[in-house]
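What you see is a predicted model, and the numbers here were worked out from it, not measured in a lab.
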Number of protein chains: 2
Amino acid sequence: MLKEQIKSLPHECDDCPIRHRAVCARCDADDLERLEEIKYYRSFQAGQTVIWSGDKMDFVGSVVSGIATLTQTMEDGRTQMVGLLLPSDFVGRPGREGSAYDVVATTDLMMCCFRKKPFEEMMETTPHVAQRLLEMTLDELDAAREWMLVLGRKTAREKIASLLSIIGRRDASLNLRGTKGPLVFDLPLTREAMADYLGLTLETVSRQMSALKRDGVITLEGKRNVTIPDFGRLMDEAGDDSDGGMFA
Amino acid sequence: MLKEQIKSLPHECDDCPIRHRAVCARCDADDLERLEEIKYYRSFQAGQTVIWSGDKMDFVGSVVSGIATLTQTMEDGRTQMVGLLLPSDFVGRPGREGSAYDVVATTDLMMCCFRKKPFEEMMETTPHVAQRLLEMTLDELDAAREWMLVLGRKTAREKIASLLSIIGRRDASLNLRGTKGPLVFDLPLTREAMADYLGLTLETVSRQMSALKRDGVITLEGKRNVTIPDFGRLMDEAGDDSDGGMFA
DNA sequence: CGGACGGTTGAATCACGTCAAATGCGGTGG
DNA sequence: CCACCGCATTTGACGTGATTCAACCGTCCG
């Protein structure tokens with residue numbers, strides 16, 4: 001798992017796994033050529049901090065593979081996750097010096113970075129990048145707002161079910177599987193990270209996971225491998241409309 | 001208060017109160033001319049619903065005056081506010097048919113609306129609008145994330161203090177007053193709306209307001225008029241760094 | 001006057017947090 | 001191979017902050 005980094009040699013954009021979803025999704029060949037000039041790859045090990053809140057950022061970029069978290073921390077140590085960065089998600093904000101959040105690699109992580117200054121210039125001149133970034137930011141805003149409902153109004157059990165359904169759905173859409181039949185995936189988060197995501201303590205997370213298992217909503221193989229026998233059931237537990245909002 | 005609507009006759013953009021903050025902030029004379037052609041004004045009374053979640057939206061627009069809320073509701077009636085729309089804030093999402101949220105006028109409200117189709121076309125052709133919208137959306141995303149920390153990790157008392165400091169600060173910046181000396185403003189929200197904002201019950205809101213009053217953090221004149229004798233003290237109660245992040 | 005509405009307050013309950021101890025597992029070294 | 005450690009996780013007992021349910025108040029308005 002340590003030497004995975006070796007295969008992290010620079011890709012060509014053409015065969016980049018996030019080519020069609022990332023901030024560069026709408027770029028044409030010319031745009032890509034310009035991007036190639038200002039881009040570079042960086043890899044991080046699981047647990048490593050990508051940026052500290054308040055630190056100066058001289059790049060922006062996309063998650064190519066792996067998972068990272070965006071967290072905010074209060075002086076007394078209480079922390080809340082405010083973003084979960086999956087492949088194709090964008091990191092950093094054009095037009096701002098420092099990072100507003102801690103960014104931490106949860107798994108081994110590969111990032112495609114762009115030097116910030118030239119990237120900002122490119123945003124002014126080529127519309128494709130800015131358009132796509134707007135679209136992605138609007139999506140993130142919607143996700144953040146859904147998350148606010150979870151944090152503000154759902155019970156612990158509903159929160160867990162919501163998280164599992166989000167990850168399960170996202171995983172299914174990545175792997176092009178439908179939501180019929182049992183859904184199996186690895187939970188890429190520790191109990192503590194789940195707690196930070198949901199505004200709970202890790203003990204409560206653990207208890208509710210056990211409860212969902214006991215009640216047959218989920219099955220666990222080891223601590224991290226989750227299977228969902230009935231996705232509709234999980235949606236009910238999450239308190240969500242179980243209408244067909246799949247593949248959003 | 002009913003006949004306020006009468007003075008709501010169409011403005012010229014030139015003397016629009018939100019000219020320099022709204023989505024049109026960066027537009028030049030030519031851009032404005034194009035906008036004028038697709039814009040119209042709509043007014044709403046306090047309590048009126050601007051759009052229901054799921055309804056088709058044939059416009060986007062800016063809040064010119066008054067306050068509106070963005071809320072999400074679960075089937076069983078639990079509701080969470082996910083946005084507080086103050087003058088200059090943008091409503092609606094280009095490239096989407098329906099509204100994802102309920103939008104409700106909290107006070108009497110004036111909106112500057114643009115027909116959606118032509119607005120979307122304009123976004124493609126004139127960069128100023130899209131650039132400004134991206135900037136505003138990124139700001140909203142930051143606000144949503146700060147709010148997530150409030151919802152997930154703060155106590156009831158801290159939540160109330162956070163809300164008061166947000167409204168107080170915003171009010172001070174609108175009226176060009178500093179945060180030195182006592183700060184006085186009208187609370188534009190009912191206890192219930194505050195509860196929906198903070199993920200609390202209205203009883204808890206009421207109790208904590210009383211507690212903050214009892215402890216001298218705030219003073220109330222009637223139910224709605226708040227004065228903050230010491231803003232730093234309020235920030236402490238909110239659990240925020242009381243550093244000088246003013247006028248962001 | 002009476003009813004609607006927003007707000008306050010009290011008492012009882014409960015969901016979740018806190019504190020503490022136990023379990024299980026992979027890794028490391030003897 | 002086994003003893004030992006570190007770490008994530010589970011589980012239990014207990015405390016508490018926020019919700020729930022309910023009574024009550026003041027103001028506005030027909």
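The CE atom of B:M209 sits 11 Å away from the C1' atom of C:dG7 (whole-angstrom rounding). Counting to the nearest Å, the P atom of D:dG17 and the CZ atom of A:R78 are 13 Å from each other. Atom-to-atom, CG of B:L189 to C1' of C:dG7 comes out at 15 Å; the value is rounded to the nearest Å. Note: CD (A:Q208) to P (C:dC16) measures 6 Å, nearest angstrom. What separates CD1 of B:I160 from P of C:dG7 is a distance of 12 Å, to the nearest Å. Rounded to whole Å, atom P of D:dT19 lies 15 Å from atom CG of B:D76. For the pair B:L151 CG and C:dC16 P, the interatomic distance rounds to 16 Å; values are reported in whole Å. Atom NZ in B:K223 sits about 8 Å away from atom P in C:dT9, given to the nearest Å.
In this structure, A:K159 and A:K154 approach most closely via the heavy-atom pair CE-O, 3.4 Å. When all heavy atoms of A:L183 and A:A172 are compared, the closest pair comes out as CD1-CB, 3.9 Å.
OP1 or OP2 of D:dT11 has at least one side-chain nitrogen or oxygen of A:S210 nearer than 4.0 Å. Dashed line: the shortest gap from a side-chain N or O of B:T204 to OP1 or OP2 of D:dT19 is under 4.0 Å.
Across all strands shown, A:S206 has heavy atoms under 4.0 Å from base atoms, whether or not it also approaches the sugar-phosphate. Counting non-hydrogen atoms under 4.0 angstrom, B:T190 reaches the backbone sugars and phosphates but no base. B:L200 comes within contact range of the sugar-phosphate backbone alone, with a heavy-atom separation under 4.0 Å but no base atom that close.
Heavy-atom neighbours of A:E203 CD from other residues, nucleotides or ligands within 6.0 Å: above the threshold of 12.
When distances run from any side-chain atom of A:R191 to the nucleotides D:dT19, D:dT9, D:dA18, the shortest one goes to D:dT9.
Heavy-atom distances to DNA chain D give each of A:R224 and B:G199 a nearest nucleotide, and the one nearer the 5′ end belongs to A:R224. Residues A:R207 and B:L220 each lie close to DNA chain C; by heavy-atom proximity, the contact nearer the 5' end of the strand is made by B:L220. If A:E192 and B:T155 are placed on DNA chain D by their nearest nucleotide, the residue sitting closer to the 5' end is A:E192.
Judged by distance alone, with hydrogens and angles left aside, A:E203 brings no side-chain donor or acceptor close enough to the base of C:dC16 to form a pair under 3.5 Å.
Proximity of B:F44 to B:D108: side-chain heavy atoms (C-beta onward) are nowhere separated by under 4.5 Å.
For the pair B:E140 and B:R145, the salt-bridge criterion is not met [side-chain N within less than 4.0 Å of a carboxylate O].
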